[in-house]
S.K.: 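Here you go, one structure.
Computed from a prediction, not measured in an experiment: that's the story for all the values here.
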Amino acid sequence: MNLFFDKRVIGEKRAALALCAMILLLVIFNPFNKTTESMLLSSLLILVSTVPFFIWKRKKNRDVVVMGVFFYGFFHLVGYGFSGFIAHEAATLISSGNISDVSDSSENTAKILVIAHLLIVFSGLVILQTFFQNSKPEKGQKRKPKESMTAYRFVVVLCVFFTAVEFFRVAGIPPFSSIEGIIFAMVSFFAYMYLFYFVFYLNYGGWPTKILAILGCLIIRGSLLSFSMMAPYAEVGLILVLISMQKGRIPITLPALLLMGFIVYQPMKGTIRSMQDSGGFGFAESIATGFEVIGDDTYLTLIDIATMRIDYNLLLASMVDNIGVTNEDDYIGWKGYENVSYVLIPRIFWRDKPQDNFGNEWAVQAGWLGKNDRFTSYNLPWLPQMYLSFGITGIIVGSFLIAVGLFLLERYYWTITPDAWTFAMAYSIIRAIIHLESDFVLAFGVAIKVILIDICIRIIKNLLTERKKNKGKFRPPIYGLEKIN
């Protein structure tokens with residue numbers, strides 16, 4: 001492996017300076033009265049979370065390596081690192097359940113568990129990359145990205161078609177209203193990632209084309225269902241950031257805008273949703289009322305309430321405080337992973353397939369949600385789910401398994417050819433990984449379905465290729481995990 005790579009990434013120094021400045025300001029002028037030990041652990045957690053960037057940077061072929069491993073670290077940097085500097089005094093007044101109050105020692109223990117988890121995952125990844133190097137190294141030669149104006153024009157038409165179908169589907173117009181939501185979401189998102197390869201990776205078209213591509217992707221990701229939904233905007237924004245970094249440029253403006261939008265919108269999201277989705281009010285009136293609700297809040301209160309939504313360290317600390325302390329039977333074992341056995345079966349073939357409501361069911365049973373609250377979705381990220389299932393042993397074993405999973409994904413799917421197909425496949429899997437805040441089965445199910453679709457299509461392609469070579473005679477081809485050319 002190439003341990004030293006002297007080409008710099010544009011914006012690297014600026015991003016490093018901003019990161020260090022934020023950590024120093026939070027440590028020296030922390031307005032939330034966090035303990036010194038807690039702040040030092042949060043700082044260490046943030047630094048460990050950046051390790052994937054340096055793993056990626058030393059790769060000679062990093063321009064074709066999709067930054068899925070980097071996002072895994074970034075998720076923990078935000079959800080466990082920076083959020084660990086904040087004490088949720090205002091947010092706990094409007095929350096319910098055991099999560100509202102945890103001890104300092106449990107919070108520090110949770111941060112140590114996260115640091116240990118990341119160290120195991122990233123060191124395991126480096127070891128696997130060292131001992132299982134690619135059998136076909138690049139040898140310093142760069143492959144030119146594949147371009148095709150015909151494919152570009154075709155995918156533009158396809159994306160316009162999918163956008164129109166989504167509009168009619170949401171409007172409830174037959175026969176579009178009967179289209180299966182999950183399957184359509186996967187196929188349409190793949191088409192837009194195919195388009196993103198040309199528009200953002202190869203830089204086809206100008207800003208009008210890019211803006212239209214972004215708007216179309218937001219529509220097929222569900223923004224038409226409700227303008228109060230943040231997930232489509234977060235998904236598309238993060239993917240654009242990852243594409244920019246893959247091309248060697250670390251953006252500052254887009255992440256800053258996403259952060260500011262989140263801090264302002266999250267505290268008033270409940271008001272907007274209740275007015276727009278349930279009350280029948282218009283978008284402008286809902287937004288205006290939302291700003292009135294937060295008008296008297298200080299910026300610290302806004303940060304307090306907003307970051308409560310993404311403070312997964314608080315959830316893990318509350319588990320350390322309550323789960324397995326007096327009774328080992330508190331750990332639920334494999335119950336949280338039961339749905340893995342049937343997650344790959346499409347609902348179109350199994351109409352009575354059980355819904356994956358594990359997060360809500362557990363939160364209601366444990367008292368994190370109200371006893372009769374069977375509607376609120378409850379996010380149970382991978383790390384707390386490991387601890388809830390098997391305690392510290394679950395985190396250790398699960399960390400090694402995640403290291404293997406990330407290694408395989410980066411080897412076979414996050415290192416693109418580069419062409420539009422492998423690019424679209426890579427970012428379709430990234431979309432599943434973006435939802436690390438969801439329990440493992442949900443993210444795993446989407447990722448595996450994308451991979452199976454890819455394998456099936458490659459098998460069919462190889463069969464047709466072999467048939468053509470043998471002049472119509474069928475011979476079973478030898479196929480593996482090679483990319484489509």
S.K.: For the side chain of Glu437 and the backbone of Pro381, is there at least one donor-acceptor N/O pair under 3.5 Å apart?
M.R.: no
S.K.: Could you grab the distance from atom CD1 of Ile46 to atom CD1 of Ile23, nearest 0.5 Å is fine?
M.R.: 4.5 Å
S.K.: Could Arg431 and Phe189 be counted as a cation-pi pair, given that NZ or CZ must be under 6.0 Å from the ring centre and within 45° of the axis?
M.R.: yes
S.K.: Going through the distances and angles, do Phe74 and Phe53 end up as a side chain to side chain contact (heavy atoms under 4.5 Å, CB included)?
M.R.: CA-CA 9 Å; Phe74 176 78; Phe53 173 79; over 6 Å; no
S.K.: Before accepting this row, confirm whether a basic side-chain N of the pair Glu410/Lys59 lies closer than 4.0 Å to the acidic partner's carboxylate O.
M.R.: yes
S.K.: For a 4.5 angstrom cut-off between non-hydrogen side-chain atoms, does Thr163 reach Tyr192?
M.R.: yes
S.K.: Could you check if a side-chain atom of Ile250 sits within less than 4.5 angstrom of a side-chain atom of Ser244, using non-hydrogen atoms only?
M.R.: no
S.K.: Walk me through whether Met425 and Val450 qualify under side chain to side chain contact (heavy atoms under 4.5 Å, CB included).
M.R.: CA-CA 7 Å; Met425 274 294 167; Val450 173; 3.5 Å; yes
S.K.: Please assess Phe196 against Tyr201 for the test side chain to side chain contact (heavy atoms under 4.5 Å, CB included), listing each intermediate value before the final yes or no.
M.R.: CA-CA 7 Å; Phe196 274 30; Tyr201 190 73; over 6 Å; no
S.K.: If you measure from CG on Leu257 to CD1 on Ile252, what distance do you get to the nearest 0.5 Å?
M.R.: 11.5 Å
S.K.: Does the ring centre of Phe162 sit less than 6.0 Å away from the ring centre of Phe184?
M.R.: yes
S.K.: What I'd like to find out is whether the side chain of Phe82 reaches to under 4.5 Å of the side chain of Leu77, using heavy atoms alone.
M.R.: yes
S.K.: Tell me the closest heavy-atom pair linking Thr307 and Ile303, and the distance in Å.
M.R.: OG1-O, 2.6 Å
S.K.: A side-chain contact here means heavy atoms from C-beta on lying under 4.5 Å apart; do Leu380 and Leu388 qualify?
M.R.: yes
S.K.: Not counting sequence neighbours, which residues clear side-chain hydrogen bond (donor to acceptor under 3.5 Å, both in side chains) with Tyr197? List them please.
M.R.: none
S.K.: Is there a donor-acceptor pair closer than 3.5 Å between any side-chain N or O of Thr422 and the backbone N or O of Ile416?
M.R.: no
S.K.: Should the pair Tyr80 and His76 be assigned to parallel (<30°), tilted (30 to 60°) or perpendicular (>60°) ring geometry?
M.R.: parallel
S.K.: Give every donor-acceptor pair under 3.5 Å between a side-chain atom in residues 111-121 and any protein atom, sequence neighbours left out.
M.R.:
from, atom 1, to, atom 2, distance (Å)
Lys111, NZ, Ser38, O, 3.2
Lys111, NZ, Ser38, OG, 2.6
Lys111, NZ, Ser42, OG, 2.7
Lys111, NZ, Gly84, O, 3.0
Lys111, NZ, Glu107, OE2, 3.4
His117, ND1, Ser399, OG, 2.7
His117, NE2, Tyr72, OH, 2.7

S.K.: Any chance the rings of Phe70 and Trp414 have centres within less than 6.0 Å?
M.R.: no
S.K.: Measure the NZ-SG distance between Lys461 and Cys456 for me, rounded to the nearest 0.5 Å.
M.R.: 15.0 Å
S.K.: Can you find a heavy atom in the side chain of Val199 that is under 4.5 Å from one in the side chain of Tyr152?
M.R.: yes
S.K.: Quick one, Glu235 and Cys217 - any side-chain contact, counting heavy atoms below 4.5 Å?
M.R.: no
S.K.: Show the numbers, then the answer: is there a side chain to side chain contact (heavy atoms under 4.5 Å, CB included) between Leu128 and Arg411?
M.R.: CA-CA 10 Å; Leu128 288 170; Arg411 169 65 61 86; over 6 Å; no
S.K.: Quick one: does Ile55's side chain get under 4.5 Å of Val69's, heavy atoms only?
M.R.: no
S.K.: Can we say Glu12 and Lys57 salt-bridge, meaning some charged N sits less than 4.0 Å from an Asp/Glu carboxylate O?
M.R.: yes
S.K.: Is the shortest heavy-atom distance from the side chain of Ser188 to the side chain of Arg221 under 4.5 Å?
M.R.: no
